[in-house]
Amino acid sequence: MSVFKNIIGGQQADGQSVYRNINPSNTNDTVGEYAQGSKADALAAIGAAKAAFAGWSQSGVQQRHEALKKIGDEIIARKDELGRLLSREEGKTLPEGVGEVVRAGQIFQFFAGEALRLAGEKLPSVRAGLDVEITREPLGVVGLITPWNFPIAIPAWKIAPALCYGNTVVFKPAEFVPGSAWALSDIISRAGLPDGVFNLVMGRGSTVGAAFIESKDVAAISFTGSVNTGRSIAAQCIAAQPMKKIQLEMGGKNPLVVLNDADLKTAVECAVNGAFFSTGQRCTASSRLIVTKGIYKEFVAALTERLKGLVVDDALKDGTHIGPVVDQSQLDQDTDYIEVGRKEGAKLAFGGELLRRSNPGFYLSPALFTECSNEMRISREEIFGPVASVIPADNYEDALRLANDTEFGLSAGICTTSLKYSSHFKRHAEAGMVMVNVPTAGVDYHVPFGGRKASSYGPREQGAYAKEFHTTVKTAYTLAQ
Ligand code: ADP
């Protein structure tokens with residue numbers, strides 16, 4: 001088996017070791033072998049990106065537009081093949097994998113358009129005879145560190161704006177999912193960018209990621225991953241000399257409120273999709289289902305019935321609704337939390353069992369806990385698996401209070417037919433994204449994505465708002481002639 005290599009300064013580069021990428025639906029299936037970079041590889045990539053910055057930061061917008069469009073178009077043209085690779089290495093179902101690939105392509109196409117819309121402002125000065133111009137400039141080398149749960153979309157939504165606004169990139173994908181990252185990087189490396197503008201270094205967070213964070217030549221870090229890693233990256237970037245700009249997307253414990261007046265079918269679909277699709281491995285997953293008393297019994301009965309009909313199986317198989325958990329350590333975390341929930345006195349109303357399928361894989365049936373309190377660990381800590389808590393609420397006010405009683409603030413949803421409650425919830429939910437009668441997960445690519453409280457830090461990602469992170473503002477004064 002040949003090893004997929006890193007891409008540094010336009011060249012393929014060996015790493016210091018090799019990572020075997022395993023299919024979580026079938027652990028006998030090796031997806032491929034991927035180079036694992038060393039600290040020296042990370043430094044070489046940073047050096048290449050630094051050298052390329054002078055040219056790329058001054059590149060014309062037509063050139064950026066063409067490169068980004070070419071990348072987006074190739075991703076979409078290869079959606080079936082790349083979707084299959086993604087599902088094979090990460091374990092989300094094939095339709096979810098193909099959908100994610102299309103999303104990645106759309107993101108590049110969106111930023112191809114944004115490259116043509118770079119704009120500044122020209123104002124009269126408050127002082128006579130002066131003009132003032134406000135423009136945006138790229139930051140320099142940006143370090144992009146991504147998690148395993150969206151192996152192509154998250155890299156896309158960091159890389160596309162970075163390149164669009166004239167930065168050069170060092171990219172480190174998550175260890176578990178180098179396949180999609182490599183395929184994306186290969187497409188990028190054939191799009192006509194000058195050597196060194198984009199560099200891929202696969203490898204460990206503590207080696208490659210840490211090298212990005214320690215380097216004086218990296219101006220900014222955009223990270224998506226766990227809260228603990230995010231906090232440690234933030235502390236290092238603020239303490240660095242010079243300080244680094246940071247953009248952090250971390251955990252969630254997203255509430256989906258279901259009110260008495262909700263349409264039951266809509267509420268059940270929002271809960272199933274939000275809590276369990278993509279195996280619950282989304283930072284926007286609805287892991288807390290907060291249900292008012294008048295609909296509680298009916299909702300739990302209908303949701304349990306719906307869960308019985310879901311097929312948990314090989315991600316690539318036709319008819320699978322929920323693929324496997326990504327790997328053994330995540331599966332252990334999920335089953336540990338299921339044990340914690342039981343011990344805390346929550347009722348396991350459905351699932352939570354390890355399943356055997358024709359191939360060995362990390363199969364877990366969706367776990368629904370009922371009669372939970374918002375104080376239980378399963379209602380407070382991010383599990384990142386197909387596990388959800390149903391929490392009873394007295395009324396709307398109580399439900400809103402419970403929804404906001406969390407350290408996180410990424411996405412918050414409500415199912416109701418009341419304009420009064422939906423309007424109030426949109427204003428008072430302490431979250432970066434609010435969903436009314438739609439799942440907490442599932443967003444558009446042309447609008448901002450991000451949260452507040454412990455979920456996120458720094459400017460928003462995606463859409464035109466991405467420029468807040470990927471550029472720095474310059475104000476120029478000119479004495480008029
Ligand atoms: P998870 O694996 O649960 O998504 P992590 O925060 O562990 O969350 O990982 C997210 C990304 O951060 C991965 O690419 C990982 O390799 C990287 N990473 C982990 N630890 C560090 C670190 N100390 N410095 C930089 N990057 C890291």
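All ligand and atom numbering here is 1-based and tracks the order in the structure.
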Discussion item. I'd like to know if Arg84 and Asp80 make a salt bridge, using a cut-off of under 4.0 Å between side-chain N and carboxylate O.
Written reply: no
Worksheet item: Which atoms of ligand 1 sit under 4.0 Å from any heavy atom of Ala210?
Response: 24 (N), 25 (C)
Practice prompt. Could you tell me whether ligand 1 has any atom less than 4.0 Å away from a heavy atom of Ser232?
Written response: no
Item to complete: Check ligand 1 against Thr224 and write out every atom of the ligand that is under 4.0 Å from a heavy-atom position of the residue.
Response: 10 (C)
Worksheet item: Looking at Pro147, which atoms of ligand 1 are within less than 4.0 Å of one of its heavy atoms?
Response: 4 (O)
Worksheet item: Of all the atoms in ligand 1, which lie at a distance below 4.0 Å from a heavy atom belonging to Ser226?
Response: 5 (P), 6 (O), 7 (O), 8 (O)
Worksheet item: With atoms numbered from 1 as shown, which atoms in ligand 1 lie under 4.0 angstrom from a non-hydrogen atom of Ile213?
Response: 24 (N), 25 (C)
Discussion item. Within the protein, is there a heavy atom lying under 4.0 Å from atom 9 (O) of ligand 1?
Written reply: no
Worksheet item: Is Arg452 salt-bridged to Glu430, going by a charged N under 4.0 Å from an acidic O?
Response: no
Worksheet item: Are the charged groups of Arg356 and Glu353 less than 4.0 angstrom apart, N to O?
Response: no
Worksheet item: So is Phe176 close enough to ligand 1, meaning a heavy atom under 4.0 angstrom away?
Response: no
Worksheet item: Against heavy atoms of Thr146, which atoms of ligand 1 measure under 4.0 Å?
Response: 11 (C), 13 (C), 14 (O)
For residues 195-207, run the donor-acceptor check on the side chains, cut-off 3.5 Å, and write out each pair with its distance to 0.1 Å, sequence neighbours left out.
from   : atom 1 : to     : atom 2 : distance (Å)
Asn199 : OD1    : Gly9   : N      : 2.7
Asn199 : ND2    : Val169 : O      : 3.1
Asn199 : ND2    : Gly196 : O      : 2.8

